[in-house]
Amino acid sequence: MQTKRFYTLSGSCPDQIGIIARISGFIAQHQGWILESSYHADDGNDDHASRYFMRMQVKADSLPFHLAEFRTRFAPLAAELSMDWKISDSAVKRRVVLMVSKQEHCLYDLLARWQSKELDIEIPCVISNHDTFKAFVEWHGIPFHHVPIGADNKQAAHAEICRIYDEVKGDTMVLARYMQILPADMCARYPGQMINIHHSFLPSFVGARPYHQAFQRGVKLIGATCHYVTRELDQGPIVEQDVIRIDHSDSVEDMVRYGKDIEKAVLARGLRYHLEDRVLLHANKTVIFR
């Protein structure tokens, strides 16, 4: 990990000859110092054409201008390449809004990583449909917003969540075991900004008490999936996954405990990839530069 200030340029475009040469040439033309670079060419298939993905870190003080001017100067080249792109500044901390219901393990883990600076982010607030963790969150000096959701107020509650997120200028919304389905218009409003964690099994089990269902079926692997939130429930682009092996000697309680451990780890890794702009999205596909 770089310790000095840098810019991260990432994006994707239709594949063609000379992409690296043109972009690195642009940076070199302005005396930019490339610290790290990653590339991937997708061969394409019947559903989509071949596409090129790239990520570069550029030493910030090697350039004679700031980020706003970089964007202005780079935009014509990006347009010529038909590139979807963004550039971020390592000196600007991302503002991550956490959402939680009644399961505490992911919330506790992320707050511990934030407090220890392992996640160098700002947490402007925590939003919950229950007030269970109000005292715990406020003990950390973080504002807590209780937004109850019932059958008769879902639209108003979702509008309030959006209002809070916009008001605190959130960059990313993390569903840290937030057990409510978000409406399609909210998913469309923040594309690529909302990250979720959920249990995933081979085979998968939906509905209530998934670990109990898995135990009854005698599964041998349990795992978790970190993914972006889209209007299709639990079908968003995948950021990170992991599994652990179990056997007949493990009880339901053991599986729940293992599941919580792996959910915490997968969510933290997925969030880190997202914050470091290592996740490139195109359609429903993700390319992860680890």
Side-chain angles (χ1 to χ4, degrees), residues 10-12 40 42 47-48 51 53 55 84 86 94-101 103 105-107 109-110 113 119 121 123 126-129 158 161-162 165 170-208 210-211 213-214 219 221-244 256 258-290:
S10 61
S12 69
H40 172 71
D42 185 346
D47 296 326
H48 61 85
R51 196 160 183 90
F53 299 83
R55 178 183 184 272
D84 298 325
K86 62 180 178 179
R94 303 292 181 89
R95 296 176 64 79
V96 179
V97 173
L98 304 182
M99 298 182 66
V100 66
S101 289
Q103 296 188 40
H105 55 288
C106 288
L107 172 67
D109 182 71
L110 291 175
R113 294 175 192 267
L119 285 175
I121 59 176
I123 303 178
V126 172
I127 302 173
S128 178
N129 56 322
H158 292 140
I161 291 170
C162 292
Y165 184 74
D171 298 307
T172 301
M173 187 183 299
V174 177
L175 279 60
R177 298 300 287 166
Y178 181 72
M179 307 305 291
Q180 292 289 321
I181 298 175
L182 300 182
D185 60 341
M186 185 173 174
C187 298
R189 182 170 176 171
Y190 306 112
Q193 293 187 44
M194 298 190 293
I195 292 177
N196 190 23
I197 185 70
H198 76 94
H199 55 81
S200 62
F201 297 107
L202 301 175
S204 62
F205 297 93
V206 298
Y211 291 102
Q213 295 180 58
V219 301
L221 291 171
I222 62 173
T225 298
C226 175
H227 65 91
Y228 287 104
V229 179
T230 62
R231 64 181 63 206
E232 295 82 21
L233 180 63
D234 292 338
Q235 299 297 312
I238 292 171
V239 182
E240 179 65 346
Q241 289 180 300
D242 208 348
V243 294
I244 54 175
V256 171
Y258 301 155
K260 287 182 177 181
D261 285 344
I262 201 166
E263 286 171 10
K264 291 185 294 186
V266 169
L267 180 58
R269 286 203 303 269
L271 177 58
R272 187 176 298 109
Y273 294 153
H274 169 80
L275 296 173
E276 293 177 357
D277 294 317
R278 296 184 181 276
V279 185
L280 276 68
L281 287 165
H282 179 65
N284 206 39
K285 177 182 178 66
T286 52
V287 170
I288 315 292
F289 291 123
R290 291 184 171 85

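Small disclaimer: the values here were computed from a predicted structure and weren't measured. We use all heavy atoms of the structure for the numbers below, so side chains are in, but hydrogens, waters and symmetry mates are not. Positions are given from 1 along the sequence.
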statement: Smallest heavy-atom separation, Leu182 atom then Cys187 atom, equals O-SG, 4.0 Å

- prompt: Looking at side-chain heavy atoms only, is the closest gap between Arg55 and Arg278 below 4.5 Å?
  reply: yes

- request: Begin from the C-alpha positions of His40 and Phe289 and carry the test ring pair (Phe, Tyr, Trp, His ring centres under 6.0 Å) through to its verdict.
  value: CA-CA 9 Å; His40 172 71; Phe289 291 123; 7.3 Å; no

message: Contact between Cys226 and Arg269 at the side-chain level, heavy atoms closer than 4.5 Å - yes or no?
response: no

message: Just so I know, are the side chains of Val96 and Leu275 near enough to count as touching, which here means a heavy-atom distance under 4.5 Å?
response: yes

field: pair Val287-Asp42: side-chain heavy atoms closer than 4.5 Å
entry: no

message: When you measure from the side chain of Tyr165 to the backbone of Asp171, do you find a donor-acceptor pair of N or O atoms at a distance under 3.5 Å?
response: yes

Nearest-0.5 Å distance, OG of residue Ser10 to CG of residue Asp84: 10.5 Å

- prompt: Any side-chain heavy atom of Leu267 sitting closer than 4.5 Å to one from Ile195?
  reply: yes

query: Where the side chain of Ser128 meets the backbone of Val100, is there a donor-acceptor pair that is under 3.5 Å apart?
result: yes

message: In the structure I gave you, are the side-chain heavy atoms of His158 and Arg189 within less than 4.5 Å of one another anywhere?
response: no

- prompt: Would Met194 and Met173 satisfy side chain to side chain contact (heavy atoms under 4.5 Å, CB included), going step by step from the backbone distance to the final call?
  reply: CA-CA 5 Å; Met194 298 190 293; Met173 187 183 299; 3.7 Å; yes

task: May I ask you to decide if Ile238's main-chain N or O and Thr286's side chain share a donor-acceptor pair within less than 3.5 Å?
output: yes

task: Decide yes or no for Arg177 and Lys260: does some side-chain heavy atom of the first lie under 4.5 Å from some side-chain heavy atom of the second?
output: no

message: Could you check whether atom CD1 of Ile244 has more than 12 heavy atoms from other residues, nucleotides or ligands sitting under 6.0 Å from it?
response: yes

field: Non-hydrogen side-chain atoms of Thr225 and His198 separated by less than 4.5 Å
entry: yes

- line: The reported gap from CD in Gln241 to CD1 in Ile262 (rounded to nearest 0.5 angstrom) is 10.0 Å

With Met99, the side-chain contact (heavy atoms from CB on, under 4.5 Å) member among Ile161, Leu107, Asn196, Val174: Ile161

message: How close do Lys264 and His105 get, counting heavy atoms only, and between which atoms?
response: CD-O, 3.4 Å

